Structure formats: C-alpha cells, structure tokens
Peer 1: 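Below are the structure tokens for one structure; questions will follow.
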Amino acid sequence: MVIKQIKKVSAILSALLAIQVHIRMPNSPLQPEASKPYFLYLLYAALAVFVVSYLLSFFVKPVDKKLESTGPLLAGGVLLLNIVNIVCSKLALLPVLFFPSLDRVFGVYVNDWELLLKCIGSSGKLLLIGFSIGAVIGFGTGILVGFNKKAAYWFNPFVKIIGPIPATSWSPLVLSLFATSYQAAVFMIALSVWFPITVMTSNGIANVQQTYFEVADTLGAGKFWKIFRVGIPAALPSVFLGFFYATTGSFVTLVTAEMFGCKLGIGWYLNWQKSMMLYANVYAGLILLAVLCNLIITLLFKVKDRLLNWQKGVIKW
Amino acid sequence: MVGHIKIDKVSKSFTNPDGSVVKALNEVELDIKPGSFVSLIGPSGCGKTTLLRAISGLALADGGDVYVDEEKVTAPGHERGFAFQQANLYPWLNIEKNIAFGLKARGIYKTHKEDVKEYIEMVGLKGFEKSYPHQLSGGMNQRASLARALVGHPKVLLLDEPLGALDAFTRMNMQDEIIRIWKEQQMTMVMVTHDVDEAVYMSDQVIIMTPRPAKIEQVIDIELGRPRARGNIDFIKYRTRILEILNYAGENHEPEYYL
C-alpha cells in the first residue's frame, strides 16, 4: 500500500525536484541564455499533468492502475532530464556549442513552430508517397516471389543483391536519373521500404503450412482463392513485421534523402541547422523525429491488432 | 447411391533424400461399395495414408488409376472431402467462416447459407459460430473440420486418423458422431486408423495392409449389427482376428498392438 502510493507520487516528486533545481541553481555563465526558461514551463506542464492524474486516480480505476505502473518510469524520465539540465546548463561540464541548455532546445518549438510544422507536412507527404509506392510494389513482389517458383528463381538473387544496399547509397546515381531531386527522394524511400516488405511477405508465404493449401484443395478452392484467402492471410503476421522494419528504415532514408535538393522537411531542417551549428535546433528536430516515428509505429500496431485479432493467444509478439 | 470407389492397380513410390526409392503402394486393387464405411488399418509405413491421398487426388499415383463413380481422379476436388489428422482450421477465420470456406471458394455460399447452419448444428457447435479455433478444444475443432469437409456434400469422405490427436473419452464420442453423420448422409467413408477397436467399432469393412511391399493383406467384412458394443463376444473375435493378421503381417517388426 505504501509502496503503491510512493509509485504514484514519484513522478510529482521528481518534477518538483527538477523545478527546484532549475529555479535555485544559477545557469552557468558559459551557456548562452535562452530568451525564456522554456524547460521550466515544460516541467510545470508535466507537473500539472501528474497532479491532475494523481487526483483523478482516486476516482477512476484505470488511471490508478496506469499511474501505478508508469509513475516510476515518468519519474525516471524527469530525473534524467534534470541531470542533463544540471550537466549542460547549470555546470556546463560539456562543450556548450554541442550541448545547449534544455531551455534553448525546448524554446525551439516555441520560436520555430511555424517552420517545424511546415517541415512535418513536407516530410509527411514525401514519406507517404514513397512509403505507399514501396509498400505496394514490395507487397506485389513478395506475393509473386512467394507463390511463383519461376519468379522466385529470377527475382530472389535480384532482391538479395539490391536489398541489403542502403537505399541512400544510390543517391548519386538516382539524382542523375530522375528529373527532380524530389522524385529521387521518393525513389530512395520507396526502395528502402520495398526490400523488407518483399522479403517478409515472400518469406511469410513460403512458411505457410502446406496443409492449409491441401485443405483448400479438397474443398474445391481455385488458385486465386488459395493465394488471396489462404496464403496471404496466413502470411500476414510476417507481412506486418516487414511493414514495421520498413517504417523504421524509411525514417532513416527520409532524413538522408531530404539532404539532396529538398527545400523543406525534417531531414532538411536537421541538416541546415547542423551546418549553421545551431545544435539546440538539431536536438529539437531529433526529438521531433523520434516522436513522429514512434507515433507511426504505434499507429501501425493498432492496425495490426485490429487485422490480426485472431493471433491473440496463438502467437505472442 | 453414390460414392463408389474403384482402385485399379495403384502404385506409388517415394524417393528418399539419399536417393533410394521406397514403394509406398504396390499395385493395390480395391473396390469400395457406395455408402459403406471402410477402415484402412496396418502398421506405420504400410501406405494407408498414401492410398487415402491417392483417392483424394492430393498425391497422384505413379501407376494405375483411382475412379470415384466411374470418374478418374486427377486432382483434389470438393466431391472427395478430406478430414486431416489435425483439424487444420484456418486460425484467422471463426468457426462459421471456416465451415463456409469451401462454399465461398466455389461461389455457392449465397444459395447454401442454410447448409452452414445445419452442419454447425449437426456437429454440435451451435453457439460457437463466432469463436476462433484457438478458443475451442481439440475435439471441437475436429468437429468443425468435419463440418467443413461435409458441408459441400461430398460423395466420399476420406478420414486420415481424424481422431488420433484426441483423448480417449472425446474419441469414443466422436466415433459415435461420425457414424451418426455417415448414416444420415448415406455417403461412403474411408478412414485410416491405427486403432483396431475403432476399426471394428465403426466399419462395414476393415482393410488390413502390410508394409514393404505395401499391399492389401486381407479384407474383413464386419458383420455386426449397429449400434455395436465393444464388450460383445463377436466384437472381440473380430478384434482378435485382425490383431493376429497384423502380427503375422508385421513378421520382423515389433507388433504395434498389445493385448
């Protein structure tokens, strides 16, 4: 009971500690001052959320459970930021150019939000186009290779040679092949998505229990029925794994691809700020990238849970 | 009545990974009467399952032909239903959709919706239509797989040790159910089994096979009334006789059955 309460209030205590440190400890004179203490604002916001959910937990059971399980983790996260704050802003133990104060990092979201939003939009569009093309072609190739022995014979070596080469290393070739660098970026993202989806789809199909097809045979199913109603549903868990790999891979490619000729986008932003030595902005961009990537993966898993509901109790992810 | 199976000098060989050739079936001849219940019994490796698969068309014979109602078997088809040792239900479909799978594949589901309901009831799965296979017991899954094979009104149902994976109690219940369905549907059923009791209990005819060279050793007509009692003296006589033949047939092999 006492331990439970400690778990529940730990996040609040950690936030209070961080706030006290930030107010009472003076910033190092080496570190350029931020226009406003944005990190402090973030801590206040976090504290408010923690306090509200703590109060709610007495009335709402799920919040109570959730707070008990994630409370220590949140507390640890705040503590980590607190330590980073002490090391970077308060004591300036690390080179201030590469390790800006957290106030400045979080200040970027306030001062640069318009540009960042545009970058998200631009990157999102690029990612969506590239991912869709890569996913459709990858899924198609995977099905072809998985079901057709001749296609597998001719395609597999091709997939094995092209696949492991990082998509971005094609950039010199691709840039000269495509009319615009935007098309080149789309191509590279599509390529990085195509490989894992092809491999995981064909692999999933190849591993489908033979008896599933035999059952379909004895029930009078035709070829296409067997492909679309037996092979593909049975391979879907593997296909999803491919989508998962493709998502993480596409983010890596996105950042690199946007370095060439794009005039907007998170990758472009990171690159631009880095060349200007504005590391606060670089960190802000990186955090944004991580949040977005996680958001997409969470979304993907939600879709998976819906589509592969039957897997619950069969396979544990 | 439909479901006449004629097996005409069927041979089938398999090549081992080391290159040696094993004859799984050697010019097997058999005539199965329409509407009868026939068991194939024999030690492991005597080609029972191979013969069953040859009838279904899942594995075609190297030599000789199989005819079902005068029609040569060239590929698997819905008129020859097949119940596998494992239920092999599709885990991504619920019980109802699993049972309706064949009808949908053949594009006749819309006109046969009632059949699906009827067969779900027949195998005692009413109320479990929306359950997924992993939520049900092995016996229930096996019932569903029977319903799936039967709902397309096959002329012949081929059963490859369909009860082998079940516990003894469920197994005896299922034997009665299969016999009930067989009587209701008036179809031919051919069952592979390892269990002499099961063969005598269920069949009109028990076909005893021997391994290497795989052929039919003897065909025994079981002339017992139904329902049968396992403790009946005639029942035991049949069982003893089959076991003797199996022991003789096994010669150099360990007998698979002990009394």
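Quick caveat, the model's predicted, so the values are computed rather than measured. Naming convention: chains lettered A, B, ... in sequence-line order (proteins, then strands); numbering from 1 in each chain.
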Peer 1: Would you verify whether the NZ or CZ of B:Lys104 falls within 45 degrees of the ring axis of B:Tyr109 while also being under 6.0 Å from that six-membered ring's centre?
Peer 2: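 Flagged: B:Lys104 positioned over aromatic ring of B:Tyr109.
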Peer 1: Is B:Leu89 in contact with chain A via its backbone, its side chain, both, or neither, using a 4.5 Å heavy-atom distance?
Peer 2: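 The backbone, not the side chain.
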Peer 1: Where does B:Ala149 contact chain A at under 4.5 Å (heavy atoms): side chain, backbone, both or neither?
Peer 2: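 Just the backbone, heavy atoms under 4.5 Å.
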Peer 1: Do B:Asn88 and A:Glu214 have side-chain N/O donor and acceptor atoms under 3.5 Å apart?
Peer 2: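 No donor-acceptor contact under 3.5 Å links the two side chains.
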Peer 1: Pick one of side chain, backbone, both or neither for B:Phe84, based on which atoms fall under 4.5 Å of a heavy atom in chain A.
Peer 2: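 Just the side chain, heavy atoms under 4.5 Å.
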Peer 1: Check the side chains of A:Glu258 and A:Tyr182 for a donor-acceptor pair under 3.5 angstrom, ignoring hydrogens and angles.
Peer 2: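 On atom types as modelled, these side chains do not qualify, holding no pair under 3.5 Å.
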Peer 1: Check for a donor-acceptor pair, side chain of B:Glu71 on one end and backbone N or O of B:Val68 on the other, with a separation under 3.5 Å.
Peer 2: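 Judged by distance alone, no pair lies under 3.5 Å.
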